[in-house]
Amino acid sequence: MTSTGRRTCACCHKPLTYGGRGRPPQYCSRSCQRRRRPPAQAVQTGPRRVEALEAVHRAAGSLLDAEYGGHPDLVRSLEVLLTVRQHLELLDSLTVQQLRADGTRWETVAEAAGISESTARRKWGRAAARPKNTSAPPPAPAARATMTATAALPHQRGAPISPPGPPPSAADDNGPPHPAPGLTSLQQFASALSHLQRSSGKVVRDIATDAGVSASYVSRVISGERLPSWSVARRIIVACDGDPTAVRTLWCAARGIAPSAKVTSEDAVGALHAALRGLYLSAGRPDPYLVHTQCHGALSEEQITDVFDGRYLPDWPVLGRLVLALEGRPDALHPLWNAAHPSPPSPAPAGGNRLAGLPASAFG
């Protein structure tokens with residue numbers, strides 16, 4: 001027996017028919033039920049994907065720098081590789097979460113991942129349903145030390161060096177001996193702008209006025225909270241009386257733009273000197289003696305000054321030590337050095353002709 005109740009549809013308010021068996025209906029049709037369904041929670045995994053990618057980038061860079069040194073600690077490399085795999089698995093999960101939140105079908109996800117649809121559902125279904133439960137895996141202690149080790153400069157002449165130890169021997173001259181520094185590319189870019197702002201003697205408000213942006217935005221850029229476009233960054237650098245070419249490489253690294261090795265040797269020499277000046281600026285323009293000490297005497301104070309003035313370019317193992325002393329990434333500048341030296345260079349002289357390390361084509 002069918003009876004008409006007083007209940008109405010929660011969506012269109014039409015009268016509902018209830019036969020007296022089971023749970024009373026709330027909607028007159030499935031279409032009304034779908035319309036009344038609360039909207040899916042917005043999922044934005046972009047920031048967490050960036051964090052995972054940056055962690056992988058730092059770990060891979062530390063492994064590459066260790067290989068450049070010629071004597072990598074393979075046990076530590078395995079520990080770092082474990083952390084890399086964990087972050088890559090997290091990245092997979094975050095990517096699938098975002099795809100599912102954007103309405104991508106499981107069939108498409110499975111095809112892109114090269115697995116069956118049922119396997120994709122089993123692997124990522126729970127994470128896609130509860131995105132808040134996904135968090136970055138903590139790196140292993142040794143891996144964390146590898147990814148965050150820095151070549152910090154001492155603060156005054158004669159201060160103790162970190163890490164302590166004797167100068168490297170000739171057997172270590174195949175490349176930089178230390179792992180990659182812990183500063184991110186964005187932090188290096190922000191550090192360079194911060195030093196420019198302090199050395200200019202201008203307040204943030206005056207720099208913002210000259211650059212045509214708000215003072216709060218300049219403050220966030222200097223603190224590393226924002227990465228502007230190059231046109232805005234260039235105006236801020238000019239407003240600080242800085243050299244845009246010296247900071248351009250830092251900005252490109254923060255943007256993830258790798259330096260091109262397909263350039264002439266002349267252009268590569270200029271770009272490499274500009275990149276070194278940018279790292280020198282990011283490090284706060286330390287005294288050449290401090291850089292000489294941190295390089296374990298691989299370069300004299302005079303040679304260090306000549307490098308930053310664009311008059312001398314040492315061999316790669318020595319240059320790699322200089323980059324590490326400035327908390328830079330040797331692997332990021334190695335392509336430019338290769339382009340600047342199409343043929344094996346001669347050893348850097350201790351004095352006399354300081355330009356012997358440069359190709360003849362660099363002088364036109």
Side-chain angles (χ1 to χ4, degrees), residues 44-62 65 87 91 136 138-139 144 146-153 155 179-259 274-286 323-333:
Q44 294 295 335
T45 63
R48 285 180 291 169
R49 296 200 311 271
V50 170
E51 290 177 3
L53 285 169
E54 287 180 344
V56 171
H57 177 75
R58 289 194 296 269
S62 69
D65 290 339
H87 282 288
L91 188 60
R144 187 186 307 116
T146 300
M147 289 187 290
T148 58
T150 60
L153 289 167
H155 297 287
L183 283 181
T184 65
S185 301
L186 178 59
Q187 290 171 334
Q188 288 181 327
F189 172 73
S191 176
L193 292 186
S194 177
H195 183 78
L196 280 177
Q197 185 263 327
R198 293 193 304 270
S199 61
S200 68
K202 296 181 179 180
V203 297
V204 172
R205 187 178 301 275
D206 292 341
I207 294 175
T209 301
D210 294 341
V213 293
S214 66
S216 61
Y217 184 74
V218 172
S219 179
R220 289 195 294 269
V221 169
I222 292 176
S223 64
E225 299 176 17
R226 293 289 187 273
L227 179 59
S229 65
W230 174 243
S231 60
V232 175
R234 190 182 190 281
R235 294 202 302 268
I236 294 176
I237 296 167
V238 172
C240 295
D241 302 324
D243 178 14
T245 59
V247 189
R248 169 76 181 185
T249 305
L250 297 177
W251 179 88
C252 288
R255 281 283 183 181
I257 304 174
L276 292 170
R277 290 197 302 272
L279 288 176
Y280 181 57
L281 176 64
S282 176
R285 290 174 175 158
V323 173
L324 283 172
L326 298 174
E327 299 188 1
R329 299 195 62 87
D331 61 290
L333 298 185

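We count residues from 1, following the sequence as given. These figures come from a predicted structure and were not determined experimentally.
To the nearest 0.5 Å, atoms OG1 (Thr249) and CZ (Arg277) are separated by 9.0 Å. Taken from OH in Tyr217 to CD in Glu225, the straight-line distance is 11.5 Å, to the nearest 0.5 Å. Going from atom CD of Gln197 over to atom CD1 of Ile207 covers 4.5 Å, rounded to the nearest 0.5 Å. Atom CD1 in Ile236 sits 10.5 Å away from atom CG in Leu196 (nearest 0.5 Å). Of the inter-residue distances, the one linking Arg234 atom CZ with Ser231 atom OG reads 10.0 Å to the nearest 0.5 angstrom. Distance CD/Glu327 to CD/Gln187: 9.5 Å, rounded to 0.5 Å.
The shortest side-chain heavy-atom distance between Trp230 and Ile237 falls under the 4.5 Å cut-off. Contact of the Val218 side chain with the Leu193 side chain is not registered, since no non-hydrogen atoms from C-beta on lie closer than 4.5 Å.
Across all non-hydrogen atoms, the minimal contact from Pro228 to Trp251 is O-NE1, 2.8 Å. The two residues His195 and Gly284 have their closest heavy-atom pair at CE1-O, 3.4 Å. For the pair Ala211 and Ala239, the tightest heavy-atom approach, listed with the atom from each and the gap, is N-CB, 4.4 Å. Across Ser200 and Cys240, no two heavy atoms sit closer than the pair CB-O, 3.4 Å.
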- Step by step, work out the side-chain contact (heavy atoms from CB on, under 4.5 Å) result for Leu281 and Leu250. CA-CA 10 Å; Leu281 176 64; Leu250 297 177; 5.8 Å; no
- Go through the steps for Val56 and Leu91 under the test side-chain contact (heavy atoms from CB on, under 4.5 Å), then give the verdict. CA-CA 10 Å; Val56 171; Leu91 188 60; 5.9 Å; no
- Task: Evaluate the side-chain hydrogen bond (donor to acceptor under 3.5 Å, both in side chains) criterion for residues Ser194 and Arg198: first the C-alpha distance (whole Å), next the side-chain angles of each, then the deciding distance (0.1 Å), finally the verdict.
- Result: CA-CA 6 Å; Ser194 177; Arg198 293 193 304 270; 2.6 Å; yes
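Every residue meeting the side chain to side chain donor-acceptor pair (under 3.5 Å) condition with Ser216, not counting sequence neighbours, appears here in chain and number order: Ser214. With sequence neighbours excluded, no residue satisfies salt bridge (charged side-chain N to carboxylate O under 4.0 Å, His left out) with Asp206.
Side chain of Arg226 to main chain of Val221: no donor-acceptor pair is present (N/O by atom type, distance under 3.5 Å, no hydrogens or angles). Side-chain atoms of Thr209 come within 3.5 Å of backbone atoms of Arg205 as a donor-acceptor pair (strictly under, hydrogens ignored). With hydrogens and angles ignored, the 3.5 Å screen pairs a side-chain donor or acceptor of Tyr280 with a backbone N or O of Pro286. Within the 3.5 Å criterion, the main-chain N or O of Ser219 finds a donor-acceptor partner in the side chain of Ser223.
Pairs passing the salt bridge (Lys or Arg N to Asp or Glu O under 4.0 Å) check and including a residue from residues 208-221, sequence neighbours excluded, read Lys202-Asp210.
The environment of Arg255 atom CZ is dense: over 12 non-hydrogen atoms of other residues, nucleotides or ligands sit within 6.0 angstrom.
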